[in-house]
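Notes follow once the structure below has been shown.
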Amino acid sequence: MTLLITWPESGPETELRRTSDPSEIKRELARLGLRFDRWPLRDEETVLAAYREEIDVLVAAEGFATVDVVALHPDDSPDWPERAAAARAKFLQEHVHEDDDEVRFFADGAGVFYLHLDGHVHAVLCEGGDLLGVPRGTRHWFDMGSRPSFTAVRFFHLDDGWVADFTGDPIADRFPDFAAIAAERSACP
Ligand SMILES: [Fe+2]
């Protein structure tokens, strides 16, 4: 279940909003200038082929130059824990992408985007079927958890523009991580 939680940027002691209603999530994120949508889940092997129609519409609307798929799922290889930890650590602290948006469609699995906007932190737990577009320049971080498991389609305007500039603000350390939010989602009405 997709979930949006909003706190003041000072910390997660006060919860200002918690909703798992996709239309409310879409409305709130649109108010903040973010794209959020739900695409129907498809169980086909090749994600790009399965979602070709929606992808083509979005690419035409937004002028994306490149579309690819990133997938990470637990396996039995000895280096999995190390690969998982490295992948998680990469975007776990607050950063911005100055030159391109961060647009992701989750075909399966889950991850939490944290958006630091307007004096608030908005956590969006994305799951299979969720499309989220974070505009360039938005302060955010991403937690895929200690056992990352997801398949995501990525959309880029520039071939080399998607670089993370870290803000140096340790704000991410103050807020619940992926595991806490995934465990809490059953508390939704
Ligand atoms: Fe990012």
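Whatever order the structure lists ligands and atoms in, that order sets their numbers, starting from 1. All residue numbers in this chain count up from 1 along the given sequence.
Looking only at distances, no side-chain donor or acceptor of Tyr51 sits under 3.5 Å from a matching main-chain atom of Thr46. Proximity of a side-chain donor or acceptor of Arg18 to a complementary backbone N or O of Ile5 within less than 3.5 Å is not detected. For the pair Asp100 (side chain) and Leu158 (backbone), a donor-acceptor distance under 3.5 Å is present.
Minimum-distance N/O/S atom of Glu102 relative to the Fe ion (ligand 1): OE1. Take the N/O/S atoms of His140: the one nearest the Fe ion (ligand 1) is NE2.
To the nearest 10 degrees, the Fe ion (ligand 1) sees NE2 of His95 and NE2 of His97 at an angle of 100°.
When only modelled atom types and interatomic distance are considered, Thr2 and Glu127 share no side-chain donor-acceptor pair under 3.5 Å.
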